[in-house]
Each structure stands twice: as C-alpha cells, then as structure tokens.
Amino acid sequence: MTNSGFQGGTLVLVTMSDAAPRVRSIAAPVRFGGIGVTVLAVFTAVILTIPGLRYDYFGDELYFIAAGSRPAVAYADQGALLPLLARFADLIAPGSAVTLRMPGIVMAALAVIVCAAIAYEFGGGPRAQLLAGIAYATSPLALTQAAQLSTFSLDATLQAATVWLLIRWIRTRRDRLLILAGLLAAIDIQVKWLVPVTWCCLLAGLAVAGPRTLLMRRAHWLGALVFAAGAAPDIWWQATHGWPELAMSRVIGAEQDAAGGGPLACLPQIIGLAGLLGGLLGGWGLWQLFRWEPLRPYRFLLVTALSMIAVVLIGHGRPYYVGGLMPAVFAAGAVGLSALDHTRWRCWIRLGTLTAVAGSLAIIVTLLAALPLPRSWARDPITSPGEFALRSDLYGPAGWQELVAGVAGVYRTLPADERAHTVLVAQNYWQAGALAKFGGRYGLPATYSPNRGYGFFGPPPDIATTVLYIGLDSATPALRHQFDTVTLSGRLDDPLGYPGVNRKVAIHTCRWPTAAWPVLWPAMRQLTLPLGI
C-alpha cells in the first residue's frame, strides 16, 4: 500500500507493504540535530541538579539505601535495580543526596534526547526536534524525575526509549529493534512493575491501529522471550512471598485518592505534569496522530496513550504513570506544527510557540529558584495526606535528625547491659530508613520495620528481648499483646512538623516478646504507610 510520509517539512510518498517491509521513503531522512539536542540535554542535567542540592532525603530514598544493603533479586514494591544504584551512590558519596539522585538526573536528560529522536523518526527537522526536547526539559515531569530518586526516575525514560524503538521499527523495519525493545523492557521490570501494563496498552494500540504485522514478526516474539527471561526472577520472588505487588497496587490507589483527590483530579494532574509547552504540544500531537496523514503509521500511539490514561484513572494510579508516553506525544505535536507552515496562521503559530517556550522556561526557572520555600513560612499543621504531599513538595522533607536524636535520647536511658539485647522497630519504613541511615552517628542498634518492603527483610533476632518501638500512639494496644511490658518513654510532636517523622511520634520501650519473632512478625507486617493523618 502507499502512505504519505513527512520528511524535512515536505510531504512525500512512502511505499510500505508486508511483502517488502524494508522499503523506505524515497526521500533522504532529515538531519538529526545532534549538537543542539546534546547541548540542551547537558544543560537540562545541570539545571536539574539544583533540587538535589537543596532538598533533604525523601523517605523513599532512605528506604532504597537500606534495601540496597540487603541485595535481592526483587523487593516487595519494586525491582532490584534502584536499591542497588542507591546503595552504590551512598557508598561512593555517603550523605550526598545529589549523588543519590544522579541516576534520575541523567535519565531526565536522556529523555530529552529521546524526545528529539522520536521527532526525527516522525520526519521533523532540527527545529522540531529541539522544540520537542525543550518541551520535556521544561516540564514538571522532568523536574519530578530528577528531584528525588524514585522508580519513576528510571522507568519514564526506559519506557520512552522502548516506544522510540517501536516507532523506529515502523519506519525502518529493522527487526533487531524489536529485540532491543524486549531487552529494555526486561531492564525496566527490574525498576518498576508498571511496564507490563504499558506493554498491554501498546499491544492494544497496535492491534487497533496497526501496523499489526509487528505482532507477527519473529523478532517481536524473541523480544517477548527476552522480557520474560528478565521478569522471571521478579515473578519467582513475588510468587514465593505472596504477591505483595498486587496488594501494593490497591494500597497505592487508596493513597492516590487520599493525597491526590482521586480519578477526577488525576487528569488535570497529568496535564500539569506536561507543563505549558508540553501540554500544548501534547494536545496538538494527539489530534495530529488522529487526523494528519504523515503520522498515520504511528496512530497506535493515540490508542496507547488514551488506554494508558484510562487505566490510570480507573485503577486510581499515579498521574506520572503515563510519563513514558509523553515524549512521543510531545514529538508528534512538534512535528505536527509543520502542517501549519503553509497556512495563513503560520506567523501566529510561530509567535505562540515562542511565547510558550519563553513561558515554560520562565516557569521552570522560577520553580528552581524559589523551591524549597523557607520552613519558617509554614504556619499551619499538616492534617491530611494531601497537605503532607504539598508541604513536602514546597518546603522539602525534614525532621529526620530530630527523629533519630529523639530515639537516641531514649536509647541512652537504658541500662548498659540491656542495650546489648535491644533493637529498634519502626512502625513505618520511612522512619526505619532514617534510623538505619543516621543511627550510626548515635551508636544506635539495628533497625527493623514491619512496614512495606522493610517487613520482608525479616524480623529481629531471637536475642532481641527489648525493643524501642517508634510509631503512633494508636499502636499501643497491639504492643501490649505482643510484649510483656510496654512503657511510653518519649515523644516527638513538633506542631509544624511532619506526621510520622517528627510529629505524632511515640517511642515505647517494649520488653520480652510474648512469642518468638518469626511468629509475631507476620501479624505485625502491613503495607499501608501509617502517618497518623
């Protein structure tokens, strides 16, 4: 069959058929703006380093460091790669939050290059490539990716690169790209278990909009085997530990509803993550994927994007779950602007584009310069998960040192002979990560927690007959069933602090467990994050 293609701003004819899958456009490919895109990516990485210098550790980052010191093929709520990177960063630069966040910063910069590369595959020239890259570089999505180390930090770029490989296969029909896509997915599953959902949406898009021949290629199935081999250790771990990831999906949905306002608020948050320029290009890109003939071979992206958004909304997922598809949508919008080059609106379009670029730059520079806000500006206590998330974003996390110092003060009151049989048990995994990270400064004993992934690290040893339990007052009744004696020994309650960190935190001295630790521990484990709000 004969389809239209877009090369270098000129509409040309592309011959593609199942019988001759390797025939390419009769026009030479446009030039990839390598120098400009590389400079933009490097500049993005430098700028996105700023939050890493200003923000204290986030709770999940402390957990990743602790998890990395306990190597495993998988963990309860993520793959093995991120904890290993966190542990390595903490070993080469102990206490450096910016070093810990460097993988996310690098991946955000690489996502800028992926944006430009997808625009190139769509037939966009250097200007369109650069515009797509700028859209990503100035988006809150990139800022979120780099501001803290998270599974999203790596997952977004790995997914975007996988989509780029599929797009490039459609243009070139080089089957090795499909095997590489399977390899990237196998790496991605070591980061986050979202990739199977994204792949289902991609396959749905290909089945609905084509090219369906991709699904029949031998290389596609080889790539699927590579992915399956990469996922096998994670599947084995999940199966032998009761599939905690499935339970975590429900927990995350409840947390998203509490902190993010539920599905109705999620769609505006997705648009907000795209930013000013990204939002405009993204909306135009989806429309062009629907109606513009040069992008017709890539219409599966429209179905995929809409499917992924529907999954996130129905499943009460995080808004950034769609982040891996945004580079392709941004690129489609940037290249799709070329459709207006020969209309009477072209001058207004160019002026509007320049205005959007300037506005996006101004917004991101303002955010980087202003955040985090001085903590002295906080006036009201945190009373809800939404307020907790907003306070953390605007003012940065805090309270870890107060938490550890408070626990150390109670620990020092114990008789010297009792300390040899004492461990710390934190009710939530953020507390455990902080105590494990900073407790050495105070000579604190080993830390355990029954919360989330920390709970699967195992219980305290049998010799632990005294426990300093760090948690909420509401935990007291359960503790009285689990220990012979329970005494409230300390409290942290900064009125403007963070609940579960340095506010609403009780320190109990618990002596003589009522059963062996392997018996007590399963009943103590929980996946929800207890913050007392």
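Residues: numbered from 1 along the sequence shown. As the structure is a computational prediction, the values presented were derived from the model and not from experiment.
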Side-chain donor or acceptor of [X] paired with backbone N/O of [Y] under 3.5 Å:
| X | Y | value |
| --- | --- | --- |
| Arg346 | Leu340 | no |
| Ser392 | Phe388 | no |
| Arg299 | Ala209 | no |
| Tyr75 | Ala80 | no |
| Ser338 | Val335 | yes |
| Trp193 | Asp77 | no |
| Gln148 | Thr144 | no |
| Ser360 | Val357 | no |
| Gln269 | Gly260 | yes |
| Thr157 | Leu154 | no |

Say you draw a straight line from [atom1] of [X] to [atom2] of [Y]; how long is it, rounded to the nearest 0.5 Å?
| X | Y | atom1 | atom2 | value |
| --- | --- | --- | --- | --- |
| Leu143 | Leu273 | CG | CG | 10.0 Å |
| Ile134 | Ser139 | CD1 | OG | 12.0 Å |
| Ile363 | Thr138 | CD1 | OG1 | 8.5 Å |
| Leu183 | Arg176 | CG | CZ | 14.0 Å |
| Leu277 | Thr355 | CG | OG1 | 11.0 Å |
| Leu184 | Ile179 | CG | CD1 | 12.5 Å |

Give me the atom names and distance for the closest heavy-atom approach of [X] to [Y].
| X | Y | result |
| --- | --- | --- |
| Ala119 | Ala128 | CB-O, 4.2 Å |
| Asp257 | Pro263 | OD1-CD, 3.8 Å |
| Ala160 | Pro327 | CB-CG, 3.7 Å |
| Ala181 | Leu166 | CB-CD2, 4.3 Å |
| Tyr55 | Asp393 | OH-O, 2.7 Å |
| Leu82 | Ser150 | CD2-C, 3.4 Å |

For [X], look at atom [atom1] and say whether over 12 heavy atoms of other residues, nucleotides or ligands are found less than 6.0 Å away.
| X | atom1 | value |
| --- | --- | --- |
| Arg168 | CZ | yes |
| Ile35 | CD1 | no |
| Arg54 | CZ | yes |

task: Return the orientation label for the His241 and Phe456 ring planes: parallel under 30°, perpendicular over 60°, tilted otherwise.
output: perpendicular
message: Please verify the inter-ring angle class for Trp287 with Phe290; under 30° counts as parallel, over 60° as perpendicular, anything in between as tilted.
response: tilted
So [Y] and [X], do their side chains get closer than 4.5 Å, heavy atoms only?
| X | Y | result |
| --- | --- | --- |
| Pro103 | Leu149 | yes |
| Gln159 | Leu194 | yes |
| Val312 | Pro319 | no |
| Arg174 | Leu177 | yes |
| Leu40 | Leu130 | yes |
| Phe227 | Val195 | yes |
| Ile252 | His316 | no |
| Glu255 | Arg318 | yes |

query: Does the pair Leu280 and Thr353 meet the rule for a side chain to side chain contact (heavy atoms under 4.5 Å, CB included), with working shown?
result: CA-CA 9 Å; Leu280 294 173; Thr353 301; over 6 Å; no
Sole candidate of [options] that passes side chain to side chain contact (heavy atoms under 4.5 Å, CB included) when paired with [X]:
| X | options | answer |
| --- | --- | --- |
| Gln288 | Leu337, Leu295, Leu302 | Leu295 |
| Trp199 | Thr162, Ile189, Thr304, Asp188 | Thr162 |
| Leu301 | Val329, Val163, Ile118, Leu286 | Val163 |

task: May I ask you to check if Arg391 and Tyr395 form a cation-pi contact, with NZ or CZ under 6.0 angstrom from the six-membered ring centre and within 45° of the axis?
output: yes
message: Does the Lys NZ or Arg CZ of Arg217 fall within the cation-pi geometry relative to Trp221 - under 6.0 Å from the ring centre and within 45° of the axis?
response: no
message: One pair to check against side chain to side chain contact (heavy atoms under 4.5 Å, CB included): Gln145 and Met107. What are the steps and the verdict?
response: CA-CA 8 Å; Gln145 194 174 357; Met107 293 299 273; 3.8 Å; yes
- prompt: What about Trp400 and Phe58, are their ring centers closer than 6.0 Å?
  reply: no
field: Ring centres under 6.0 angstrom apart (Phe122, Tyr298)
entry: yes
- request: Applying side chain to side chain contact (heavy atoms under 4.5 Å, CB included), run through Gln129 and Phe32 and close with a yes or a no.
  value: CA-CA 8 Å; Gln129 298 164 24; Phe32 181 66; 3.2 Å; yes
Donor-acceptor pair between Asp60 and Tyr429 side chains, under 3.5 angstrom: yes
message: Side chains of Gln238 and Asp234 only: does a donor on one sit below 3.5 Å from an acceptor on the other?
response: no
task: Just do the side chain to side chain contact (heavy atoms under 4.5 Å, CB included) check on Tyr57 and Ile65 with the steps written out, would you?
output: CA-CA 11 Å; Tyr57 289 103; Ile65 295 172; 4.1 Å; yes
- line: Only one of Lys437, Arg87, Arg101 passes salt bridge (charged side-chain N to carboxylate O under 4.0 Å, His left out) with Glu61, and that residue is Arg101
task: Please lay out, stage by stage, how Trp169 and Phe300 fare under the test ring pair (Phe, Tyr, Trp, His ring centres under 6.0 Å).
output: CA-CA 13 Å; Trp169 180 88; Phe300 78 95; 9.8 Å; no
